[in-house]
S.K.: 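Below: one structure in structure tokens.
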Amino acid sequence: MAISTDRDDGVLTIKAQGRIDGSNAADFLKSVEGVIDQNDSGVILDFSELNYISSAGLRIILLIAKDLRQRSVKFALCSLSSSVAEIFMISGFDQIIDLHEDTAAAVAALK
């Protein structure tokens, strides 16, 4: 699992690649927390290159969402593959976290 970042006008986009599961979920959380800046008004997780997420990964996403909500930072996910989107829908996470079709839609929603 690897991440890359892009920051545009206060919105941080973090692109995750590979898998988020029990073996790397804690490392993913540390990586995400390490790149979020106090001046970010929004954070987007771009999952266009993520091919799997386990329940451990879902837990990390929930922790990130709660932390950002406490800091009044907007949060969204985008570009989920059909298999990853299905996991979010089955778990009900699509009801508590904003999901968008692509990065442009997510950025527009957060600005």
Side-chain angles (χ1 to χ4, degrees):
M1 200 278 312
I3 68 165
S4 59
T5 62
D6 181 53
R7 187 172 276 113
D8 181 31
D9 198 26
V11 175
L12 173 65
T13 301
I14 303 167
K15 183 180 280 192
Q17 302 165 342
R19 302 168 55 95
I20 303 173
D21 56 30
S23 69
N24 65 9
D27 291 336
F28 177 72
L29 177 60
K30 287 179 189 174
S31 295
V32 169
E33 289 176 336
V35 297
I36 296 173
D37 185 89
Q38 66 182 2
N39 295 322
D40 291 326
S41 61
V43 174
I44 298 167
L45 291 180
D46 179 341
F47 282 171
S48 60
E49 296 182 22
L50 188 77
N51 51 35
Y52 177 78
I53 189 165
S54 71
S55 59
L58 289 175
R59 181 179 172 278
I60 295 304
I61 300 302
L62 189 57
L63 289 173
I64 293 167
K66 284 182 178 181
D67 178 56
L68 293 173
R69 187 173 296 128
Q70 288 175 346
R71 295 194 276 164
S72 299
V73 176
K74 297 176 185 177
F75 179 61
L77 304 178
C78 71
S79 306
L80 284 69
S81 68
S82 59
S83 60
V84 172
E86 184 176 4
I87 292 168
F88 274 83
M89 288 184 272
I90 289 170
S91 66
F93 275 50
D94 63 323
Q95 301 298 311
I96 56 174
I97 297 173
D98 290 336
L99 305 179
H100 298 278
E101 189 170 325
D102 56 30
T103 306
V107 169
L110 295 189
K111 286 193 174 185

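Being a predicted model, the structure only gives us computed values, none of them experimental.
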S.K.: Within the 4.5 Å heavy-atom criterion, are Thr5 and Thr13 side-chain neighbours or not?
M.R.: no
S.K.: Taking the side chain from Lys15 and the backbone from Ile3, do they hold a donor-acceptor pair closer than 3.5 Å?
M.R.: no
S.K.: How long is the gap from OH on Tyr52 to CZ on Phe47, to the nearest 0.5 Å?
M.R.: 13.5 Å
S.K.: Of Leu77, Leu58, Ile64, Leu45, which is the lone residue that meets side chain to side chain contact (heavy atoms under 4.5 Å, CB included) with Ile97?
M.R.: Leu77
S.K.: I would like to know whether Ile44 and Leu12 meet side-chain contact (heavy atoms from CB on, under 4.5 Å); could you show each step before the answer?
M.R.: CA-CA 6 Å; Ile44 298 167; Leu12 173 65; over 6 Å; no
S.K.: Go through Phe75 and Asp98 one step at a time and tell me if the side-chain contact (heavy atoms from CB on, under 4.5 Å) criterion holds.
M.R.: CA-CA 7 Å; Phe75 179 61; Asp98 290 336; over 6 Å; no
S.K.: Count the heavy atoms belonging to other residues, nucleotides or ligands that lie under 6.0 Å from NZ of Lys66, then report whether that count exceeds 12.
M.R.: no
S.K.: Of the non-hydrogen atoms in Ala25 and Gly57, which two are nearest, and what is the gap between them?
M.R.: CB-N, 4.4 Å
S.K.: What do you reckon, is CD of Glu86 surrounded by more than 12 foreign heavy atoms closer than 6.0 Å?
M.R.: no
S.K.: Looking at side-chain heavy atoms only, is the closest gap between Leu99 and Leu80 below 4.5 Å?
M.R.: yes
S.K.: Would Leu63 and Asp67 satisfy side-chain contact (heavy atoms from CB on, under 4.5 Å), going step by step from the backbone distance to the final call?
M.R.: CA-CA 6 Å; Leu63 289 173; Asp67 178 56; over 6 Å; no
S.K.: So with a 6.0 Å cut-off around CZ of Arg69, is the heavy-atom count from everything else above 12?
M.R.: no
S.K.: Looking at Asp40 and Asp37, would you say the former's side chain and the latter's main chain have a donor-acceptor pair under 3.5 Å?
M.R.: yes
S.K.: Does some side-chain heavy atom of Val43 sit less than 4.5 Å from a side-chain heavy atom of Lys74?
M.R.: no
S.K.: Taking C-beta and beyond as the side chain, do Lys111 and Val11 meet within less than 4.5 Å on heavy atoms?
M.R.: yes
S.K.: Within the 4.5 Å heavy-atom criterion, are Leu68 and Arg71 side-chain neighbours or not?
M.R.: yes
S.K.: From Ser81 OG over to Leu50 CG, what is the distance, rounded to the nearest 0.5 angstrom?
M.R.: 7.0 Å
S.K.: If you apply the rule side-chain contact (heavy atoms from CB on, under 4.5 Å), what do you find for Phe28 with Asp21, and how did you get there?
M.R.: CA-CA 9 Å; Phe28 177 72; Asp21 56 30; over 6 Å; no
S.K.: I'd like to check Leu62 versus Phe93 (side-chain heavy atoms, cut-off strictly below 4.5 Å). Are they in contact?
M.R.: yes
S.K.: Any side-chain heavy atom of Cys78 within less than 4.5 Å of one from Thr103?
M.R.: yes
S.K.: Spell out, as yes or no, whether a donor-acceptor pair under 3.5 Å connects the side chain of Ser48 to the backbone of Ser79.
M.R.: no
S.K.: Using modelled atom types and a 3.5 Å cut-off, is there a donor and acceptor pairing between side-chain atoms of Asp27 and backbone atoms of Asn24?
M.R.: no
